[in-house]
There are 2 protein chains.
Amino acid sequence: MWSVVRDKEATKAKLLEAGLDEFAEYGIAGARVDRIAAKAGCNKAMIYAYFGSKEGLFDELLKIQIDRMIKSVPITPDDLPGYAGRLFDSYVDQPQLLRLAAYHRLENGFDTVPEAEAVAYQHKIEAIAQAQLDGKLTAAYDAVELLDLVVHMSILAFTTPNASRAMVEKAVRRLIAE
Amino acid sequence: MWSVVRDKEATKAKLLEAGLDEFAEYGIAGARVDRIAAKAGCNKAMIYAYFGSKEGLFDELLKIQIDRMIKSVPITPDDLPGYAGRLFDSYVDQPQLLRLAAYHRLENGFDTVPEAEAVAYQHKIEAIAQAQLDGKLTAAYDAVELLDLVVHMSILAFTTPNASRAMVEKAVRRLIAE
DNA sequence: CGGTATCAACTAACTGGTTGGTTGATACTA
DNA sequence: TAGTATCAACCAACCAGTTAGTTGATACCG
């Protein structure tokens with residue numbers, strides 16, 4: 001029989017999952033390490049053994065969630081309404097990432113952007129700029145402005161309780177109309 | 001002679017101002033009542049005498065800020081780009097309200113909307129609906145959707161560090177273009 | 001194969017410090 | 001003097017982080 005009780009990776013995974021729920025609900029300052037450990041069904045000391053600190057666990061968590069989002073919703077520069085719609089849907093499906101990111105911004109300031117996010121952002125800027133050069137996309141905004149606007153529209157999932165994907169797509173369609 | 005040392009209203013005002021800074025920076029869970037009292041230059045017990053609790057102070061604070069915002073930036077249904085721009089500007093001038101509101105939503109859930117905000121929202125909906133009936137405003141969205149979109153655009157002041165008023169006005173102009 | 005040394009994974013209990021909130025005494029004003 | 005605004009000191013609960021010690025799997029040795 002394989003042991004299931006003593007498994008480092010499984011324990012880390014359980015802590016990450018419990019931490020996701022806890023941090024998304026209460027934020028960084030409001031989260032309680034005892035609650036995280038209890039939810040994960042393991043000892044509090046494991047958090048410090050594997051992640052160094054409460055904030056260490058949060059950072060790891062956020063990084064993983066961002067990576068997942070970046071990979072699962074790739075940008076489509078020649079279909080920005082669709083991109084915004086898909087982003088919106090994934091935010092509705094997994095509201096935790098948006099809450100995590102919001103808490104992170106509020107509590108740690110605007111300049112501390114996670115590495116992975118900054119890199120992905122740059123790639124998207126370039127993709128949009130290229131589409132504009134190719135004439136596939138309006139030149140009414142510069143690439144940075146346009147990406148900011150499109151991403152911002154998908155955030156309707158967080159700010160407006162009864163927003164819909166259709167509403168987001170329609171708005172982006174109008175924003176980029178020639 | 002008027003008292004300057006023992007003045008109930010002055011003490012409340014100082015606590016409200018200190019609380020504004022503290023809550024905007026650290027959130028509700030992260031705020032420390034001792035820091036608020038120290039910043040206000042008065043005793044911690046005053047918070048409990050005048051506001052009942054930490055949360056009581058926060059609620060009072062948020063209510064005041066929302067009232068001020070509602071009064072200082074009235075809606076102009078026949079100039080929504082200008083309205084969004086003015087909202088944006090006031091958010092840039094006083095970033096604390098947006099941070100307060102964000103923390104409130106994150107920590108207290110979406111349904112607990114302050115009374116004053118709900119009432120003002122309803123008035124704005126009606127104003128927009130009327131402008132639509134008068135043909136002064138696009139009928140491409142229903143009134144609720146349209147207000148949500150316009151307000152949402154002004155929130156760029158919070159989500160996008162280098163957004164500008166011009167960018168917000170331009171976006172709203174395109175959103176409501178016939 | 002049986003015994004045991006080793007080490008990573010894990011735990012219960014604890015620690016030093018902090019927190020929201022209270023209270024009894026004091027100072028001020030009318 | 002009566003009423004009230006203010007405060008220093010205090011408290012019980014809580015919290016992030018530590019530690020001394022336990023457990024179980026596996027590698028090694030005779």
When the ring planes of Phe23(B) and Phe58(B) are compared, do they come out parallel, tilted or perpendicular, using 30° and 60° as the limits? perpendicular
Show each protein N/O and nucleotides 11-18 of chain D N/O combination with a separation under 3.5 Å, one pair to a line.
from    : atom 1 : to       : atom 2 : distance (Å)
dC15(D) : OP1    : Arg32(A) : NE     : 2.9
dC15(D) : O5'    : Arg32(A) : NE     : 3.3
dA16(D) : OP1    : Ala31(A) : O      : 3.0
dA16(D) : OP1    : Arg32(A) : NH1    : 3.3
dA16(D) : OP1    : Lys54(A) : NZ     : 3.1
dA16(D) : OP2    : Val33(A) : N      : 3.3
dG17(D) : OP2    : Tyr48(A) : OH     : 3.0
dG17(D) : OP2    : Lys54(A) : N      : 3.2
dG17(D) : N7     : Lys44(A) : NZ     : 3.1
dG17(D) : O6     : Lys44(A) : NZ     : 2.2

Please tabulate, for the side chains in residues 163-178 of chain B, all donor-acceptor contacts under 3.5 angstrom to protein atoms that are two or more places apart in sequence or on a different chain.
from      : atom 1 : to        : atom 2 : distance (Å)
Ser164(B) : OG     : Met167(B) : N      : 3.1
Arg165(B) : NE     : Glu169(B) : OE2    : 2.8
Arg165(B) : NH1    : Asp89(B)  : OD2    : 2.5
Arg165(B) : NH2    : Glu169(B) : OE2    : 3.3
Lys170(B) : NZ     : Ala140(A) : O      : 2.5
Arg174(B) : NH1    : Leu175(A) : O      : 2.8
Arg174(B) : NH1    : Ala177(A) : O      : 2.7
Glu178(B) : OE2    : Thr138(B) : N      : 3.3

Atom pair distance, as rounded to whole Å: CZ in Phe51(A) and C1' in dA9(C): 14 Å
For the pair made of CG in Leu15(A) and P in dA9(C), what is the distance, rounded to whole Å? 13 Å
Nearest whole angstrom, please: distance from the C1' of dT6(D) to the CE of Met46(B). 5 Å
From NZ of Lys8(A) across to C1' of dC7(C) the rounded distance in Å is 12 Å
Between P on dG20(C) and CG on Leu57(B), what's the gap in Å once rounded to a whole number? 12 Å
Evaluate the ring planes of Tyr103(B) and Tyr103(A), with Trp represented by its six-membered ring, and classify them as parallel (under 30°), tilted (30 to 60°) or perpendicular (over 60°). tilted
Does a nitrogen or oxygen in the side chain of Thr11(B) sit under 4.0 Å from OP1 or OP2 of dT6(D)? yes
Check Asp34(A) with Lys44(A), please: is the shortest side-chain N to carboxylate O separation under 4.0 Å? yes
Atom pair CD1/OH of Ile128(A) and Tyr83(A) - distance to nearest 0.5 Å: 8.0 Å
Partner set under side-chain hydrogen bond (donor to acceptor under 3.5 Å, both in side chains) for Arg32(A), not counting sequence neighbours: none
